[in-house]
Number of protein chains: 2
Amino acid sequence: MGRATESEWRDADGKALTDYPRPSVAVDVAVLTVQTGRLHVLVVGRPRGGLALPGSFLRPGERLADAAERALSTKAGLVGADFHQLAMFDAPDRDDRGWVLSMAHGATLPREQLPSDAELVRLDGRVASEPLAFDHADMVSRAVDDLRARYARRVDPSDLLPDSFTVLELRRLYETVFDRSLPKDSFRRLVIDAIEPTGRMSSSGAGRPAELFRRRGDDELPAGAAGLLTD
Amino acid sequence: MGRATESEWRDADGKALTDYPRPSVAVDVAVLTVQTGRLHVLVVGRPRGGLALPGSFLRPGERLADAAERALSTKAGLVGADFHQLAMFDAPDRDDRGWVLSMAHGATLPREQLPSDAELVRLDGRVASEPLAFDHADMVSRAVDDLRARYARRVDPSDLLPDSFTVLELRRLYETVFDRSLPKDSFRRLVIDAIEPTGRMSSSGAGRPAELFRRRGDDELPAGAAGLLTD
DNA sequence: CTAATAGTGTCTTTCAGACATTATCCT
DNA sequence: AGGATAATGTCTGAAAGACACTATTAG
């Protein structure tokens, strides 16, 4: 809806549409991270027990992404995540406090940027390994779908890896995100043109040192990458 | 947000969160169709001139998809479209009547199911060829993205073609949706295993009659299809 | 017959996938 | 040297893309 004349404010009965009761609008955020080679989602304990995604009500004039950021900083001390809208959950009875719509958001952060005492729930594939309150489990699955779609298009767009990384580290990350093993050489050929050598070498333990690469912000993965990854 | 204790209804100042002013929530719908080999979007004229997507305010207890359907039946006499959430447009100043969030939806219908006097705006690629009110042009582009993503996964999931169709008709449809020409033989090989022969033949004018196929609801296109189509 | 369109066979190139080989570190 | 891991080269099979060829209709 854009701007409109007064007439558009009234329905067929002449009732002003803004006189109808309005819903409360909330945001919930599924913060995904990688720990010990598995995807995890950040949750918060609920007062009466049980687990839920961090969330908040939208305040007057606030944007959804700002409410999501505020929810994360208030409930988990996090800043600097980038949020992606997933879907609006709108079942009228989803919240017994009344009519509350919730915009689900996905965000992704490396484990180090989460508080060390953050409560994490492991994911098996795209589903949480523990029950979450209400429709939050669906939100988590949607967040994984979104994460995979973004990682199929670009190389580590959410900076889960540090600035420089080896191809092996990148492949392990992708195996975690897509929950499948990826062939070493095909994967290298897939990504090699979308990353940039730093010239430096990794000084990990034994064996030949691996070359360190950095992301190349602009470059997209080839269009057929989705096939390789999601096959 | 799920159910919560009373404490979660109050913010740090003890103010009840439901006492905050709430936004109006609207839905807008980008109905896409194919006419003369081009994508078009259904628009409605605005009282003071200009074009906009059909939309409506959300009524108490109503679901977003129901509001979208109501908007379409009221403003364009349409029923039976399936709606897909695209994104919530939430700029606080996007509507000068006040604080109005709008959930953009995409829908797709064959031209025959639209009123013959429906106002259609042609698309050039993913952008409308005429200016639309406010953020509605962005909504249209998102609708095209969504349409392409769905058509890359399944064969004509929105039933733009009739129950039975030839491979040529299907290819012309895909060329329209993806706005690029597709090789005749590669396209046939891509889709042939995801459609079902009816045994009947098309009796179009000259030349060898083409076999008629039908959709096979369950079957997905191969994962690499996105590469072929969006290359 | 010719014109027109549908459908298939074939060749080349590309690339995934598997495997082997070489390269470069460590102890 | 020997072990370990990185990186690359090679082969095969599958599939895209281009092209030509065959098949089947109308007139």
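Every chain is numbered from 1 and lettered A, B, ... according to where its sequence line falls, protein lines coming before strand lines.
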A:Leu123, A:Thr108, A:Val121 screened by side-chain contact (heavy atoms from CB on, under 4.5 Å) with A:Leu39, the one that passes: A:Leu123

Lys/Arg N to Asp/Glu carboxylate O, A:Glu62 vs A:Arg70, below 4.0 Å: yes

Validation row, ring centre B:Phe165 to ring centre B:Phe213 under 6.0 Å: no

Rounded distance (Å) that lies between atom C1' of C:dA6 and atom CD1 of B:Ile195: 13 Å

Atom-pair distance (CG on B:Leu229; P on D:dA16), nearest Å: 11 Å

Distance in angstrom units between A:Arg200 CZ and C:dC25 P, rounded: 16 Å

Gap between atoms CD and P, on A:Glu211 and C:dT22 respectively (whole Å): 21 Å

Between P of C:dG17 and CZ of A:Arg171, the distance in whole Å: 13 Å

Cationic N near anionic O, under 4.0 Å, A:Asp138 to A:Arg142: no

B:Phe187 CZ to C:dA6 P, straight-line distance once rounded to whole Å: 13 Å

Geometric class of the A:Phe187/A:Tyr174 ring pair [parallel <30°, tilted 30-60°, perpendicular >60°]: tilted

Nearest-Å distance for atom pair CE/P, residues B:Met201 and C:dA6: 12 Å

Residue pair A:Val44 / A:Leu53, side-chain heavy-atom distance below 4.5 Å: no

Reading 5' to 3' through nucleotides 17-27 of chain D, protein heavy-atom contacts under 4.0 Å coded B for base, S for sugar-phosphate only, - for none: BBB---BBBS-

Rounded distance (Å) that lies between atom C1' of D:dA6 and atom CZ of A:Arg172: 13 Å

Touch class at under 4.0 angstrom, heavy-atom based, for A:Leu168 against every strand present: sugar-phosphate

